[in-house]
Amino acid sequence: MTFHRVSFEDDDLKLKIGFIHFSSCSGCQVAFLDMFEDAVEIFDTVELVYSNLLTKRKEIPYMDVAFVEGAFCAEDPHHVKLIKELSEKAGMVIAIGGCAAFGGMRRFSCGSQMPQPSHQTFIPLTEIESIKRKVKFAIPGCPPNPSLLYNFFLAFLERNDDFLLPFEFIAQSRDASGFDLIKEVVNKGFCVGCGTCSTACPSRAISFKDVCGKPNFDADLCVRCGSCLAACPQSFKPYPQPVYT
Amino acid sequence: MLELNSRFLIGSYKKAVEVESRTGNNPLEELLSVMFDSNMIDGILSSRIEGEFSVPFLVVKGDRVEVPSLNRFFGSVALLKKAIQKYRLSRIAVVAPSCAIDGLNKTQYYGIGCNWVKTAVALKVGILCTGSLTGKALTAEVLHLTGKEKRIKRFFYDGGLFYQTEEGELIPVNLSVHHHYINAACRYCLNLSAKGTDITYFPLKEENRAVFIVRSERGWRVVASVQKERPELFRFRRLKKEDLEGIVSLLREKALLNIDDILERVELGLPVPKWNDNKLRKFYRIWNAVEDYNFEEEVF
Ligand code: SF4
Ligand code: SF4
Ligand code: SF4
Ligand code: SF4
């Protein structure tokens, strides 16, 4: 993993981070801010320089790391401007949540609120050529748990590669839904029937099929957040194996 | 070079004890009941048989404490979020085979899927496991082994793997036959003895006897407190390394079958899940390496 784009300014040692909002429900930003409140007390090396909910700044400043929620709306001039700014002003992009990482709810292209009505096009950041080289990590979830964001943030600041590696894979995969869980784990003969995917699913799209001891996926309920595949112990395992006493 | 010795098959542990429950109950159920009564735990996450199926099962105070009596463990972690976020449990005991505990470990380590899991688990009991079967697979296996359909009440280890029928008949289980009927993923499992848990549990021939392989400080504290709390309920016998030789050779026989399947899978180039970092290929390299390898650091 390369951190060369993340630079600490000589006159200011704080890591500048921002939160950028594309087409989304803002749930990820709320989870992030939930986590951030706890985290800043520990990490005084971090400064939140931009958030449409928390900071007053109109202009997006330079950011070492931009946490981004939501999918890009191709017909929205504001988004076009934002994506250009992001590619110029962010050292690194971390896609937070299903919308930014895999398209999430936006894949359905319907049910959006008025400024972004249903006839428009929504694309996850991991699929946009001009920005995707900056998207180093993607964090699954709808929204991701504050405790996942916290652990990620901690690992990121400590440069804990073992922890971060799966999120690098996830950023490269562009797609993850309950179908992926079935295709990648169950169909390949790796499902041990533990039920972790079902507990991880925020929308009850995964129940448990008692007859075969495997997950049962209901595509109508899936919001394409990628949590099930990420939580499955057969997709990747914690390394080294943690033992909590 | 990787050897199928007890270090690999059983892993490190503090003490191994044979536990006898003086009330005639299952010793693990007895232990967990005492833990409930003395507020050491406030819930148990496991699976149980309901009708034909193995279903996830959450025990809360007032419920009858049950641990799986058949080698059919499906869905144990499915109720984790419910336990923590709905019932607000904060001292959960988990009783499951190693693969389900991997799912839990992952949730604790990363925080994916469920909040606050890191501090909500009070005890991890890993069930020593040679493979998990669906109801239909178990029926077919018993038919294969005995030529007849029989209702199986429990499994246990006594030198080998055995089933006990409802009528009390004991059926020795040939591991090669067993290997054919277990869940597909169990054929690639390399943590049969649930390394990384607090206590590994396996039932013995008599229903009130079992072995606890106590691995962690926490596991040992639990056994000691329960013994102190209700000394009249249990009889403990410390096991020497030699006493575990029977189970080590059973695990070796099963591990060899699994390793054969892993090597074959890698050689055939069968796909693994994306994001998996190809653990099987990693094992393949380690298995074929001549130098010594610190496999205890590895997770397959
Ligand atoms: S991933 Fe879910 S919570 Fe996050 S912005 Fe999209 S819809 Fe909202
Ligand atoms: S099945 Fe559930 S966890 Fe999996 S991607 Fe869909 S909504 Fe997310
Ligand atoms: S988390 Fe993975 S291994 Fe566990 S039941 Fe779901 S698909 Fe199967
Ligand atoms: S053999 Fe392994 S994968 Fe299968 S149920 Fe047992 S511990 Fe889980």
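Lettering follows sequence order; numbering is per chain, from 1. The model shown is predicted, which means the values in this text are computed figures rather than measured ones.
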(request) Please flag which part of B/Asn183 lies under 4.5 Å from any non-hydrogen atom of chain A: side chain, backbone, both or neither. (result) side chain
(message) I need the A/Ile139 CD1 to B/Ile112 CD1 distance, nearest 0.5 Å.
(response) 9.5 Å
(request) Give the minimum heavy-atom separation between B/Cys99 and A/Cys194, together with the two atoms involved. (result) O-CB, 4.3 Å
(message) If you count heavy-atom pairs within less than 4.5 Å of chain A, which of B/Ala100, B/Gly75, B/Gly219, B/Gly103 leads?
(response) B/Gly75
(request) Pick one of side chain, backbone, both or neither for B/Thr107, based on which atoms fall under 4.5 Å of a heavy atom in chain A. (result) side chain
(request) Indicate yes or no for a side-chain donor-acceptor contact from B/Lys106 to the backbone of A/Gln234 under 3.5 Å, with no hydrogens or angles considered. (result) no
(request) Against chain B, label A/Asn145 side chain, backbone, both or neither, depending on which of its atoms sit under 4.5 Å from a heavy atom there. (result) both
(message) Can you tell me which of A/Ala176, A/Cys228, A/Cys191, A/Pro144 forms the most heavy-atom pairs within a distance under 4.5 Å of chain B?
(response) A/Cys191
(message) Counting heavy-atom pairs closer than 4.5 Å to chain B, which one of A/Gly189, A/Ser198, A/Gly141 comes out on top?
(response) A/Gly189
(request) Can you see which heavy atom on A/Ser147 is nearest to which on B/Cys114, and at what distance? (result) OG-O, 4.2 Å
(message) Would the distance check show the side chain of A/Thr199 and the main-chain N or O of B/Lys81 forming a donor-acceptor pair, the cut-off being under 3.5 Å?
(response) yes
(request) Sort A/Cys197 into side chain, backbone, both or neither according to what part of it lies under 4.5 angstrom from a heavy atom of chain B. (result) neither
(message) B/Asp261: which residues meet the salt bridge (Lys or Arg N to Asp or Glu O under 4.0 Å) condition with it, sequence neighbours left out?
(response) B/Arg187
(message) Quick check on A/Phe167 against chain B: is it the side chain, the backbone, both or neither that has a heavy atom closer than 4.5 Å?
(response) side chain
(request) Could you tell me which portion of A/Pro146 (side chain, backbone, both or neither) has an atom closer than 4.5 angstrom to a non-hydrogen atom of chain B? (result) both
(request) Could you look at B/Val121 and say if it's the side chain, the backbone, both or neither that has a heavy atom under 4.5 Å from chain A? (result) neither
(message) Would A/Lys237 pass as a cation-pi partner of B/Tyr109, given that its NZ or CZ must be under 6.0 Å from the six-membered ring centre and within 45 degrees of the axis?
(response) no
(request) Measure distances from A/Ile170 to the heavy atoms of chain B and classify the residue's part below 4.5 Å as side chain, backbone, both or neither. (result) both
(request) Flag yes if more than 12 heavy atoms outside B/Glu52 fall under 6.0 Å of its CD atom; otherwise flag no. (result) no
(request) To the nearest 0.5 angstrom, please state how far the NZ atom of A/Lys214 sits from the OG1 atom of B/Thr134. (result) 8.0 Å
(message) With a 6.0 Å cut-off on the ring centroids, do B/Phe74 and A/Phe208 count as close?
(response) no
(request) Looking only at non-hydrogen atoms, find the nearest pair between B/Pro273 and A/Ser235 and report the distance. (result) CB-CA, 4.4 Å
(request) Name the region of A/Asn187, side chain, backbone, both or neither, that has any atom closer than 4.5 Å to a heavy atom of chain B. (result) neither
(request) Side chain from CB out, backbone as N, CA, C, O: work out which of these in B/Arg265 comes under 4.5 Å of a heavy atom of chain A, or both, or neither. (result) side chain
(request) May I ask you to test the A/Leu229-B/Lys274 pair for a side-chain heavy-atom distance under 4.5 Å? (result) yes
(request) Please flag which part of B/Leu123 lies under 4.5 Å from any non-hydrogen atom of chain A: side chain, backbone, both or neither. (result) neither
(request) Anything under 30° is parallel, anything over 60° is perpendicular, the rest tilted; go ahead and classify B/Tyr110 against A/Phe236. (result) perpendicular
(message) Which atoms of A/Cys232 are under 4.5 Å from chain B, going by heavy atoms: the side chain, the backbone, both sets, or neither?
(response) backbone
(message) How close do A/Asn151 and B/Lys118 get, counting heavy atoms only, and between which atoms?
(response) OD1-NZ, 3.8 Å
(request) Answer yes or no: is there a side-chain heavy-atom contact under 4.5 Å between B/Leu280 and A/Phe190? (result) yes
